[in-house]
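Read through the structure below, which is laid out as structure tokens, and then see the notes.
Numbered from 1 within each chain, the chains take letters A, B, ... in sequence-line order. Because the structure is a prediction, the values reported are computed rather than measured.
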Amino acid sequence: MPHDGHHHDHDSHDHSELSPIALRVRALESLLIEKGYVDPAAIDLLIETYETKIGPRNGAKVVARAWVDPTFAAWLKQDATAAIASIGYTGRQGEHMVALFNTPDTHNMVVCTLCSCYPWPVLGLPPVWYKSMPYRSRAIVEPRAVLKEFNVELPKETRIDVWDSTAELRYLVIPMRPAGTENLSEEQLAERVTRNAMIGTEVLA
Amino acid sequence: MPHDGHHHDHDSHDHSELSPIALRVRALESLLIEKGYVDPAAIDLLIETYETKIGPRNGAKVVARAWVDPTFAAWLKQDATAAIASIGYTGRQGEHMVALFNTPDTHNMVVCTLCSCYPWPVLGLPPVWYKSMPYRSRAIVEPRAVLKEFNVELPKETRIDVWDSTAELRYLVIPMRPAGTENLSEEQLAERVTRNAMIGTEVLA
Amino acid sequence: MNGPQDMGGFTRFGPVNPEVDEPVFHEAWEARALALCLAMDSSGLWNADIIRHTRESMPAMKYWSSSYYDIRVEGHITQLVKHGYITEAEIAAGRMQVPPATMKSVLTAANVPAVLAKGAPYDRPGKNPARFKQGDRVRCLTAASEGHTRLPRHARGRSGEIARVHGTFIFPDTSSKGLGDDPHWLYTVRFSAREIWGHDNSDGVMLDLWEPYLEAA
Amino acid sequence: MNGPQDMGGFTRFGPVNPEVDEPVFHEAWEARALALCLAMDSSGLWNADIIRHTRESMPAMKYWSSSYYDIRVEGHITQLVKHGYITEAEIAAGRMQVPPATMKSVLTAANVPAVLAKGAPYDRPGKNPARFKQGDRVRCLTAASEGHTRLPRHARGRSGEIARVHGTFIFPDTSSKGLGDDPHWLYTVRFSAREIWGHDNSDGVMLDLWEPYLEAA
């Protein structure tokens with residue numbers, strides 16, 4: 001399988017166990033630091049940020065807010081960038097946000113066929129499958145076959161719109177609120193929202 | 001490079017030097033013979049036939065005949081299968097022949113994008129480049145760039161028709177007769193005809 | 001299925017690299033592989049369309065990184081295994097482990113010249129008159145058959161002109177499923193490079209297409 | 001250029017294989033590679049379109065068999081080498097062999113939060129009013145720009161409907177050549193799956209397309 005080359009055990013610090021690409025990146029890092037092109041502390045902070053601060057819990061909060069607050073939902077529909085910024089999520093790979101509201105008639109699903117564009121501020125870094133050639137190539141032509149691989153089967157009558165992120169717009173799917181969640185708090189609702197539901201490869205139940 | 005895996009030194013009979021595919025084919029051959037599915041003498045004769053009897057010298061004779069004999073050329077244009085059969089070339093991968101006559105206005109070039117269909121009775125087995133993904137993918141979209149890799153540059157005014165062998169028709173390009181060959185015999189003319197000229201990736205001079 | 005074989009129009013596999021004075025075979029196994037495939041074609045276990053579909057069903061990365069003879073031999077092995085004539089374990093062992101199946105026809109050396117000279121013609125009598133004639137404008141369907149088809153992606157939905165009318169031939173979309181010859185009219189259609197690629201020249205892309213792929217334009 | 005990135009509609013790369021409880025990074029080098037790329041993006045030596053084009057210019061087989069982070073880091077290395085900031089020999093040695101070039105801007109840890117929060121907006125003031133409005137029927141050009149473009153092959157020559165009008169944005173076909181922002185109107189166009197694939201359903205393929213890719217249909 002292509003794109004699976006990085007599914008090995010995590011690196012140890014023993015040089016002899018590193019793959020060629022791991023060694024190459026290590027050499028590049030030393031070189032860029034030695035030449036003064038990068039600040040090692042910035043590298044560490046960037047990694048920490050995407051490992052701990054920027055991830056799908058952000059998007060889940062946006063979704064939960066939209067479920068409980070019709071004014072916010074309307075704003076999100078109208079100007080997603082501003083509405084999302086009001087909760088504190090802005091910037092790199094989310095400069096121009098669009099929210100796609102699933103309905104009983106229309107299911108939205110997001111892909112980037114040409115690279116792997118993804119709304120980082122609300123979902124974090126994309127999962128391997130989203131970046132893989134199988135998803136990139138197939139999502140637009142056989143969405144139902146792809147959804148089946150996520151154990152999702154939509155009724156035949158449901159229209160599927162697949163959004164291909166060919167520009168700098170970044171898409172966040174707002175899944176339908178599951179039945180029986182009327183008594184949950186906004187925080188409890190956010191816990192029900194999964195990353196895949198915000199990409200459109202899962203339906204919340 | 002893909003498709004270059006078979007450009008190694010020729011096999012020796014030492015098992016230890018054989019590639020996995022060479023070993024696999026050897027095992028397959030033993031097995032098919034042991035099971036009585038193939039006649040070893042037939043295998044040897046098939047190889048001998050394509051190594052020594054069926055090759056581009058056949059097509060060259062067809063071209064030379066067309067150059068010296070207008071009646072034959074007209075027949076070739078009208079019913080290439082019958083005309084070519086009259087010289088003795090028929091059968092497998094040449095059951096339905098079409099001759100494409102180059103003119104000063106139109107250059108013809110043959111490809112099989114979907115596999116590697118090729119007129120075996122007149123040209124023999126296809127060369128590696130004809131079967132390669134670079135030729136298969138590029139010939140129809142950038143024929144001039146491909147021809148440049150064969151050191152062929154056609155005038156801008158020359159129309160290029162690229163024939164993609166998507167069915168069981170097999171194409172033989174009849175190149176234009178080079179200038180200054182008026183006094184050559186049919187046999188001498190045949191010697192001037194190259195395989196690539198009969199595919200359309202060479203212009204005879 | 002939009003398989004690995006359908007890569008016409010893609011420009012990034014690299015240069016063509018023609019080889020000067022190329023030998024017929026580069027390695028001994030290639031000759032053996034070809035001859036074995038040709039001999040097994042006489043078995044009647046498959047037809048050309050079934051075997052093409054088998055080859056195209058290889059995973060894409062394997063298809064693109066395999067040579068012509070490698071793809072051929074793997075296609076034949078797949079079919080022989082599928083029909084129960086050999087097993088993968090037998091190939092691994094290089095010898096028989098289960099008794100042979102009945103082979104309808106074995107190609108003998110004596111028959112080789114005649115079998116090659118005869119080939120396997122693909123024209124078959126058809127039932128209907130040709131729907132199109134030379135010069136007619138046609139458009140290819142946008143949809144392609146499930147499974148094997150010879151209508152490439154870059155031609156789907158595109159318009160061209162009937163350049164030649166060839167007669168009625170076995171239809172691969174049916175034949176590849178083992179559902180019979182289903183003969184249909186075969187045409188060569190000329191598409192302008194402008195129509196297919198948007199090129200600003202008079203070049204043409206010529207495709208051999210069966211009537212079910214086409215509608216009047 | 002019809003490069004390895006443009007494989008939408010191809011069905012034979014295999015199953016998607018979603019991973020349960022996937023970690024942010026699978027190996028330590030991926031995290032380092034991503035962070036180095038993000039830090040070097042602050043150098044101002046390239047823009048997003050140039051770096052995308054660099055990645056797409058990889059040989060196809062290498063592109064398809066490389067992981068996301070591998071492709072990213074190789075794209076950045078190519079650009080750094082091209083601009084004379086590092087050499088391949090230096091990477092091989094893992095240390096400096098030629099003096100550093102002047103770096104306009106080095107991302108410091110102190111600036112990381114602000115730089116990430118700000119991002120790099122792509123909207124730019126345009127000169128002309130939008131040619132199309134919501135509901136208009138449009139057709140994509142058949143021809144694509146030489147070099148980098150965001151008009152995929154499966155949409156070329158196909159017709160759809162303007163679903164949304166977004167404003168004027170940097171045009172990648174120009175920007176990727178280092179020829180400036182060249183802002184154009186950006187639209188989301190809805191194509192029916194029937195128009196693009198011939199599917200017999202009401203599904204849609206939504207593409208974000210710039211005005212120069214479109215003509216009135």
Output the option from [options] having the highest count of non-hydrogen pairs under 4.5 Å with chain D.
| options | answer |
| --- | --- |
| Glu51(A), Glu142(A), Glu157(A), Arg24(A) | Arg24(A) |
| Leu114(A), Val38(A), Val25(A), Thr49(A) | Leu114(A) |
| Tyr89(A), Tyr130(A), Trp120(A) | Trp120(A) |
| Arg144(A), Arg92(A), Lys35(A), Gln93(A) | Lys35(A) |
| Ser30(A), Ala85(A), Pro127(A) | Pro127(A) |
| Thr113(A), Ile43(A), Val98(A), Thr201(A) | Ile43(A) |

Does any heavy atom of chain D fall under 4.5 Å from the side chain of [X], the backbone, both, or neither of them?
| X | value |
| --- | --- |
| Thr158(A) | backbone |
| Leu147(A) | neither |
| Leu125(A) | side chain |
| Thr90(A) | both |
| Thr106(A) | neither |

Side chain from CB out, backbone as N, CA, C, O: work out which of these in [X] comes under 4.5 Å of a heavy atom of chain A, or both, or neither.
| X | value |
| --- | --- |
| Ala193(D) | neither |
| Met96(D) | both |
| Leu80(D) | side chain |
| Pro172(D) | neither |
| Val20(D) | neither |

Taking the side chain as every heavy atom from C-beta outward, state whether [X] and [Y] have any pair of such atoms under 4.5 Å apart.
| X | Y | result |
| --- | --- | --- |
| Pro113(D) | Leu45(A) | yes |
| Asn17(D) | Val128(A) | no |
| Leu186(D) | Leu169(A) | yes |
| Ser116(A) | Arg72(D) | no |
| His96(A) | Tyr122(D) | yes |
| Met206(D) | Tyr171(A) | no |
| Ile140(A) | Ile196(D) | no |
| Asp164(A) | Phe191(D) | no |

When rounded to the nearest 0.5 angstrom, what is the spacing between [atom1] in [X] and [atom2] in [Y]?
| X | Y | atom1 | atom2 | answer |
| --- | --- | --- | --- | --- |
| Ser132(A) | Glu19(D) | OG | CD | 11.5 Å |
| Arg55(D) | Cys115(A) | CZ | SG | 6.5 Å |
| Glu34(A) | Glu90(D) | CD | CD | 8.0 Å |
| Leu207(D) | Ser165(A) | CG | OG | 10.0 Å |
| His166(D) | Glu168(A) | NE2 | CD | 12.5 Å |
| Asp39(A) | Thr108(D) | CG | OG1 | 6.0 Å |

Practice task
Would you sort out whether Arg136(A) and Phe13(D) count as a side chain to side chain contact (heavy atoms under 4.5 Å, CB included), showing the intermediate values?
Solution key: CA-CA 10 Å; Arg136(A) 286 174 51 188; Phe13(D) 276 108; over 6 Å; no

Problem - Contact winner vs chain A - Leu151(D), Asp6(D), Asn111(D), Asp123(D), heavy-atom pairs under 4.5 Å - result: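 Ranked by contacts with chain A, first place is Asp123(D).
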
Practice task
Could you please spell out the steps behind the side chain to side chain contact (heavy atoms under 4.5 Å, CB included) verdict for Trp29(D) and Leu18(A)?
Solution key: CA-CA 9 Å; Trp29(D) 73 264; Leu18(A) 291 183; over 6 Å; no

Exercise for the section: Report the C-alpha separation of Val141(A) and His199(D) in whole Å, then their side-chain angles, then the decisive distance to 0.1 Å, and conclude whether the side chain to side chain contact (heavy atoms under 4.5 Å, CB included) test is met. Expected result: CA-CA 9 Å; Val141(A) 65; His199(D) 290 173; 4.2 Å; yes

Closest heavy-atom contact between [X] and [Y]?
| X | Y | result |
| --- | --- | --- |
| Pro18(D) | Glu149(A) | CG-O, 3.7 Å |
| Pro134(A) | Gly14(D) | CB-O, 3.2 Å |
| Gly94(D) | Ala27(A) | CA-CB, 3.9 Å |

Problem - Derivation of the salt bridge (charged side-chain N to carboxylate O under 4.0 Å, His left out) call for Arg26(A) and Glu27(D) - result: CA-CA 12 Å; Arg26(A) 174 177 289 196; Glu27(D) 297 188 25; over 6 Å; no

Return yes if some donor-acceptor pair links the side-chain N/O of [X] with the main-chain N/O of [Y] below 3.5 Å, else return no.
| X | Y | value |
| --- | --- | --- |
| Glu29(A) | Arg32(D) | no |
| Thr166(A) | Asp208(D) | yes |
| Tyr85(D) | Leu32(A) | no |

Handout entry: Among Gln5(D), Met7(D), Arg12(D), side-chain contact (heavy atoms from CB on, under 4.5 Å) partner for Met133(A)
Key =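 Looking at Gln5(D), Met7(D), Arg12(D), the match for Met133(A) under the side-chain contact (heavy atoms from CB on, under 4.5 Å) is Met7(D).
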
Handout entry: For chain A, which residues of residues 36-44 of chain D have heavy atoms nearer than 4.5 angstrom
Key =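 Residues Leu36(D), Leu38(D), Ala39(D), Met40(D), Asp41(D) are the ones that qualify, each having a heavy atom under 4.5 Å from chain A.
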
Practice task
Evaluate the side chain to side chain contact (heavy atoms under 4.5 Å, CB included) criterion for residues Val73(D) and Ile21(A): first the C-alpha distance (whole Å), next the side-chain angles of each, then the deciding distance (0.1 Å), finally the verdict.
Solution key: CA-CA 9 Å; Val73(D) 81; Ile21(A) 179 67; 3.9 Å; yes

